[in-house]
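See structure below.
Quick note on labels: first sequence line is chain A, next is B, and so on, each numbered from 1. These numbers were taken from a predicted model, which means no experiment stands behind them.
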Amino acid sequence: MAPSRRDSPGMSAVSVKQCLAGGIAAGSEVEVRGWVRTRRDSKAGLSFVQISDGSCQATLQIVAPSELDNYENEVKQLTAGASLIARGTLVESRGKGQAFEVKAAAIEVLGLVDDPETYPIQPKQHSLEFLREVAHLRPRTNTFGAVTRIRHSAAFAVHEFFTKEGFCWVNTPIITSSDAEGAGQMFRVSTLDLENLPRTDAGKVDASQDFFGREAFLTVSGQLNVEAYCLALSKVYTFGPTFRAENSNTARHLAEFWMIEPEIAFADLNDDADLAERFLKHVFKSVLEQRPDDMEFCEQRVQKGVIERLEKFLDASFERIDYGDAIEVLQKSGKKFEYAPDWGVDLQTEHERFLCEEHVGRPVVVMNYPRDIKAFYMRQNDDGKTVAAMDVLAPGIGEIIGGSQREERLDRLDARIAEMNLDASHYEWYRDLRRYGTVPHAGFGLGFERLLVYICGLANIRDAIPYPRVPGAAEY
RNA sequence: UCCUCGAUAGCUCAGUCGGUAGAGCAAGUGACUGUUAAUCACUGGGUCGUAGGUUCAAGUCCUACUCGAGGAGCCA
């Protein structure tokens with residue numbers, strides 16, 4: 001990682017991370033750029049300025065001697081948030097707390113803070129609720145720096161995993177005309193003039209005059225579309241934005257979030273569960289390896305125990321349990337649940353957490369759910385009562401992945417579409433996939449922000465995405 | 001959407017029985033110091049979320065609304 005050359009002769013622009021990593025020889029001339037975290041003045045004729053440039057969790061100490069031309073009128077005006085470029089010598093620090101520091105020969109102040117008293121990001125612990133109200137400034141905090149770098153590493157690990165396993169990333173459409181699987185309320189996409197809507201003779205809004213010549217929405221899932229690519233490229237996945245217009249106001253829901261949906265051909269539910277296990281372990285392992293400083297920050301300041309939770313996850317093989325057996329286990333557990341477990345009803349969060357935290361003590365895959373509580377595309381089992389669906393439950397959070405083997409038999413699929421009163425005309429192209437060379441296939445879905453919440457130990461999903469969109473709030 | 005709790009200085013909070021407002025941090029000034037979220041002293045900073053109501057008197061009690069948090073439902 002050679003420092004890039006800059007205009008100034010003999011001087012290289014380097015990151016805070018590079019300065020602290022030990023890869024640059026002490027005595028080197030360097031240029032660093034960043035934002036001030038704190039400034040401490042010494043009457044010995046120097047100031048200490050801690051700067052961050054986002055390259056790592058740590059800050060770099062700039063030692064600014066009072067001999068600098070702009071010491072009195074600029075350096076001593078530096079407050080949290082101000083931006084600067086420092087040029088000088090990278091030296092071993094005389095003080096404790098850091099191995100290296102930069103002895104500045106010049107400090108160029110790019111931007112002071114207009115009103116330091118009202119600058120929201122102060123060198124102290126802020127509440128996450130408050131920081132949500134300043135979403136444009138919160139990336140300057142330790143917490144959001146860590147989450148942002150971890151988010152990047154996790155996203156990279158997702159692509160790395162699938163690439164190594166021979167998958168193709170397929171960009172399914174964000175604008176869609178079908179309501180997919182009825183997976184929830186959709187955002188409408190329209191260019192019609194809301195003040196003056198075209199009407200049909202029957203008085204309905206005339207969608208044929210809209211941009212796409214029909215109704216259109218933002219996607220709630222790329223799964224149906226990606227199945228088509230699966231039945232040609234064998235191993236595919238989506239990773240993109242997803243939208244749900246549900247009025248859910250919780251720490252686990254966003255109106256706009258990123259979803260990962262792999263789909264594998266010539267595969268059954270067991271293959272699907274195997275894939276989910278390898279996938280989660282790879283992402284967790286990568287993040288632990290690539291962002292130890294940020295994970296340590298999460299451990300200290302976000303939630304104690306997050307690192308150990310991930311390490312344990314890597315070591316544990318997933319337990320697999322049939323839904324019916326899980327219900328029996330819950331009923332015989334002697335544990336009092338707010339909702340009594342009953343065959344035919346979906347597992348509550350309290351049930352899921354009991355299964356993986358108390359009953360098994362490691363991640364659990366619950367398989368073969370009652371068909372009446374699951375989507376039309378899930379493959380019907382021979383017992384006539386269940387479908388080949390699975391949920392991966394993780395200690396500390398509950399469901400983290402939901403997936404299924406898909407119904408590849410046209411007659412069975414048609415029967416389900418009819419049974420559930422879905423409009424068959426919407427699924428013609430989906431039915432084609434079963435008419436032209438159908439094969440068993442399976443896949444799962446995973447909310448990327450929920451994965452981050454688990455990795456970082458965050459309490460609220462709104463802190464796992466840069467600009468959270470939730471009912472009643474789309475500021476910034 | 002339902003239930004519960006909350007909103008007081010830039011931030012985090014205290015504010016007793018209803019009697020016109022307080023701390024820590026931050027900011028400003030000074031002292032001190034190769035300092036480490038430095039330390040010490042002083043100073044400035046408030047339409048108590050909004051609108052009504054009760055009262056001689058409301059941060060405090062009542063009503064409505066707005067916003068936030070926790071839980072539930074829905075789900076990823």
Next item on the list: May I ask you to say whether A/Arg87 pairs ionically with A/Glu108, meaning some side-chain N is under 4.0 Å from a carboxylate O?
Entry: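 Salt bridge between A/Arg87 and A/Glu108, a charged N being under 4.0 Å from a carboxylate O: yes.
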With sequence neighbours left out, which residue pairs that include part of [range] fulfil the salt bridge (Lys or Arg N to Asp or Glu O under 4.0 Å) condition?
range: residues 270-286 of chain A; answer: A/Glu165-A/Arg278, A/Asp274-A/Arg320, A/Glu277-A/Lys281, A/Lys285-A/Glu289
range: residues 135-148 of chain A; answer: A/Arg138-A/Asp463
range: residues 52-78 of chain A; answer: none
range: residues 147-159 of chain A; answer: A/Arg149-A/Asp294, A/Arg151-A/Glu449

Notebook entry, point to check: Sequence neighbours excluded, which residues qualify as side-chain hydrogen bond (donor to acceptor under 3.5 Å, both in side chains) partners of A/Thr386?
Noted result: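 Per chain and number, A/Thr386 pairs via side-chain hydrogen bond (donor to acceptor under 3.5 Å, both in side chains) with A/Asn381, A/Asp383.
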Next item on the list: State which residues pass side-chain contact (heavy atoms from CB on, under 4.5 Å) with A/Val63; sequence neighbours excluded, sorted by chain then number.
Entry: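 Scan of A/Val63 (side-chain contact (heavy atoms from CB on, under 4.5 Å), adjacent residues dropped) gives A/Leu46, A/Phe48, A/Gln61, A/Glu101, A/Lys103.
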Checklist line | Residues forming a side-chain contact (heavy atoms from CB on, under 4.5 Å) with A/Thr59, sequence neighbours excluded | finding: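 By the side-chain contact (heavy atoms from CB on, under 4.5 Å) rule, A/Thr59 matches A/Arg37, A/Gln50, A/Ser52.
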Assign [X] to base, sugar-phosphate, or nothing according to its heavy-atom contacts below 4.0 angstrom with the strands shown.
X: A/Gln98; answer: base
X: A/Phe48; answer: base
X: A/Leu451; answer: nothing

Margin query: Aromatic contact between A/His159 and A/Tyr237, with the criterion being ring centroids under 6.0 Å apart: yes or no?
Written below: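 Distance test on ring centres: under 6.0 Å, yes.
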Check: Would B/rU4 be called syn or anti, given that syn covers angles within 90° of 0?
Finding: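 Anti, since the glycosidic angle lies more than 90° from 0.
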Note to self: Closest-nucleotide mapping onto RNA chain B: is A/Gly95 or A/Thr118 further toward the 5' terminus? I mean the 5' end.
What the structure shows: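 Result of the comparison: A/Thr118.
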Note to self: For a quick check, with a 4.0 angstrom heavy-atom cut-off, what is the B/S/- contact string for nucleotides 67-74 of chain B, read 5' to 3'?
What the structure shows: --SS-BBB
Below 3.5 Å between N/O atoms, which protein atoms pair up with nucleotides 26-33 of chain B? Just atom names and distances, please.
{"unit_1": "B/rU33", "atom_1": "N3", "unit_2": "A/Asp41", "atom_2": "O", "d": "3.0"}
{"unit_1": "B/rU33", "atom_1": "O4", "unit_2": "A/Asp41", "atom_2": "O", "d": "3.1"}
{"unit_1": "B/rU33", "atom_1": "O4", "unit_2": "A/Lys43", "atom_2": "N", "d": "2.6"}

Notebook entry, point to check: Can you list, by residue number, the residues of residues 52-69 of chain A that have a non-hydrogen atom closer than 4.0 angstrom to RNA chain B?
Noted result: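 The answer is A/Gln61, A/Val63.
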Notebook entry, point to check: Got a sec, which residues hit ring-ring contact (aromatic ring centres under 6.0 Å, His included) with A/His351, two or more places apart in sequence or on another chain?
Noted result: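 Partners of A/His351 under the ring-ring contact (aromatic ring centres under 6.0 Å, His included) test: A/Phe337.
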Checklist line | Per A/Lys103 side chain, nearest of listed nucleotides B/rG34, B/rU12, B/rA38 | finding: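 The listed nucleotide nearest to A/Lys103's side chain is B/rG34.
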Check: Name the stems with RNA chain B in them: runs of three or more consecutive Watson-Crick or G-U pairs, distances under 3.5 Å?
Finding: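 Correct response: B:1-7 with B:66-72, B:10-13 with B:22-25, B:27-31 with B:39-43, B:49-53 with B:61-65.
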